[in-house]
There are 2 protein chains.
Amino acid sequence: MQNLDATDRAILGILSREARIPMKSLAGRIGLSRSATTERVTRLEKAGLIRGYRADIGQLEEGQIEAFLMVTLRRTPSLGVLDRLAGFTSVRRVSSVSGQLDLVVEVRVASINALNELRNDVAQLENVEDLTTSIVLRREIERS
Amino acid sequence: MQNLDATDRAILGILSREARIPMKSLAGRIGLSRSATTERVTRLEKAGLIRGYRADIGQLEEGQIEAFLMVTLRRTPSLGVLDRLAGFTSVRRVSSVSGQLDLVVEVRVASINALNELRNDVAQLENVEDLTTSIVLRREIERS
DNA sequence: GCGTGCATCAGGCAATCCGCCGGTTGCGCC
DNA sequence: GGCGCAACCGGCGGATTGCCTGATGCACGC
């Protein structure tokens, strides 16, 4: 089980989001017979690529909004900005990245208002040139 | 659906680890009939407490390079793209977001070559209009 | 070429499971 | 008591599953 082909990847893709789908439907979606599909799934399970099937349990507490702040700096690196960012409790993760952007900041806030305030605070930090905000509408895939 | 009783919690507990279990077996484990169990599960699903069922996908090999792929789609939403993305074991998280972008895809790969191949694969997916890649240089802040 | 072994696939059968329905029980309320 | 309602149980027909047999494609060695 070194390399998975496109069919294997299609199986993983569908099962990772619809784990309770009947084998027959899965077979139809990937264009194989039911028995062949079952064999592939069994192989993927035994190879450890499918570790199990989990219900995705919603959180009991509501009102948590997550967002990505894409930050461009005037000069990089910028320790000052990182220090300031670390001061916000709603900041969950900050990654320095290559390319057009400089920082990807992941935040979790209680409301749109809180997000807006945070956004303004970050945008006004010394050395922040540009900032675009993308609110997470839905977490489509989440692993490990 | 404010307060879930002990039976509901037992259902969530079992399904969160064995999502593909037959309703009859689940019913036996919690001490109810199959139809009553099905009703409870349906209620939990409709209440949003069970958001879905996902296969737990393992990784082929441990990678050390992480990156963000910022994806713009031609039409949204796009189930096909999500299915395909979920098929790549190096894809760790996918978020639908508002704004200029449509998807933020977080990946972990073994090498720059692997990232390049993945990037090409994703860029060529049906319905993907634009794709920009930001390699994570350093994880500056990481919480919970 | 040609047989062998192996991996992968399709189709069929009996057993099981699911969606749906009617019927029962328990309980609060007027 | 009589009523409404929520939760439960059991059963039916159709769908799905596990398991089997057999067909196909392909690499390998002689």
Side-chain angles (χ1 to χ4, degrees), chain A residues 1-60 62, chain B residues 1-61 79-80 82-91 114 117 121 124-126:
Chain A
M1 178 54 61
Q2 334 265 19
N3 12 353
L4 15 171
D5 58 18
T7 306
D8 287 326
R9 259 184 270 113
I11 290 174
L12 293 178
I14 292 171
L15 281 182
S16 71
R17 300 195 303 118
E18 301 167 56
R20 280 190 73 93
I21 188 176
M23 280 300 147
K24 187 185 178 186
S25 308
L26 178 60
R29 297 255 291 264
I30 64 174
L32 281 185
S33 74
R34 183 185 63 83
S35 44
T37 305
T38 304
E39 282 178 26
R40 278 178 179 263
V41 171
T42 304
R43 215 179 331 118
L44 290 168
E45 287 169 351
K46 288 196 174 149
L49 274 160
I50 297 177
R51 284 189 284 207
Y53 302 94
R54 329 240 167 267
D56 182 3
I57 307 299
Q59 53 190 357
L60 295 175
E62 290 295 325
Chain B
M1 175 51 65
Q2 324 275 13
N3 17 353
L4 20 167
D5 59 17
T7 306
D8 287 326
R9 259 181 263 113
I11 289 174
L12 292 179
I14 292 171
L15 282 182
S16 70
R17 322 190 109 266
E18 303 166 58
R20 279 190 72 92
I21 189 175
M23 279 301 145
K24 186 186 178 185
S25 309
L26 178 60
R29 298 255 291 263
I30 64 175
L32 281 185
S33 73
R34 183 184 63 83
S35 41
T37 305
T38 305
E39 281 178 27
R40 277 178 180 264
V41 171
T42 303
R43 209 174 344 110
L44 290 168
E45 288 169 351
K46 289 199 174 148
L49 275 159
I50 296 177
R51 281 189 287 205
Y53 303 95
R54 333 236 165 267
D56 182 2
I57 306 299
Q59 268 190 292
L60 272 182
E61 52 203 295
L79 279 182
L82 290 174
D83 282 347
R84 303 306 181 90
L85 286 175
F88 295 105
T89 57
S90 44
V91 169
E117 287 178 18
D121 288 343
Q124 281 164 24
L125 286 183
E126 184 80 20

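Being a predicted model, the structure only gives us computed values, none of them experimental. We name chains A, B, ... by the order of the sequence lines, and we start the count at 1 in each one.
A 4.5 Å side-chain heavy-atom check between L15(A) and L44(A) finds every atom pair outside the cut-off. Contact check for I50(B) versus I57(A): side-chain heavy atoms found under the 4.5 Å cut-off.
Atom P of nucleotide dT8(C) and atom CG of L44(A) are separated by 11 Å, given to the nearest angstrom. Here dA6(D) presents its P atom at 12 Å from CD of E39(B), a figure rounded to the nearest Å. Between the P atom of dG19(C) and the CZ atom of R40(B) lies a distance of 18 Å, rounded to the nearest Å. Atom CG in L32(B) sits about 12 Å away from atom P in dA7(D), given to the nearest Å. Whole-Å rounding puts the I30(A) CD1 to dC9(C) P distance at 8 Å. In this entry the distance linking CD of E45(B) with C1' of dG19(C) reads 13 Å, nearest Å. As rounded to whole Å, 15 Å separates atom P of dA7(C) from atom CG of D8(A). For the pair L26(A) CG and dG18(D) P, the computed distance is 13 Å after rounding to whole Å.
When each of T38(A) and G31(B) is assigned the nucleotide of DNA chain D with its nearest heavy atom, G31(B) is the one assigned upstream, toward the 5' end. Residue whose closest nucleotide on DNA chain D sits further toward the 5' end, between T37(B) and I21(A): T37(B).
Scanning atom types as modelled, one donor and one acceptor separated by under 3.5 angstrom connect the side chain of S35(B) and the base of dG10(D).
With rounding to the nearest 0.5 Å, the separation of CG in D83(B) from OG in S16(A) is 7.5 Å.
Heavy atoms of other residues, nucleotides or ligands lying less than 6.0 angstrom from CZ of R17(A) number more than 12.
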Could you run down the sub-3.5 Å N/O contacts of the protein with nucleotides 13-16 of chain D?
residue : atom : partner : partner atom : Å
dT16(D) : OP2  : K24(A)  : NZ           : 3.4

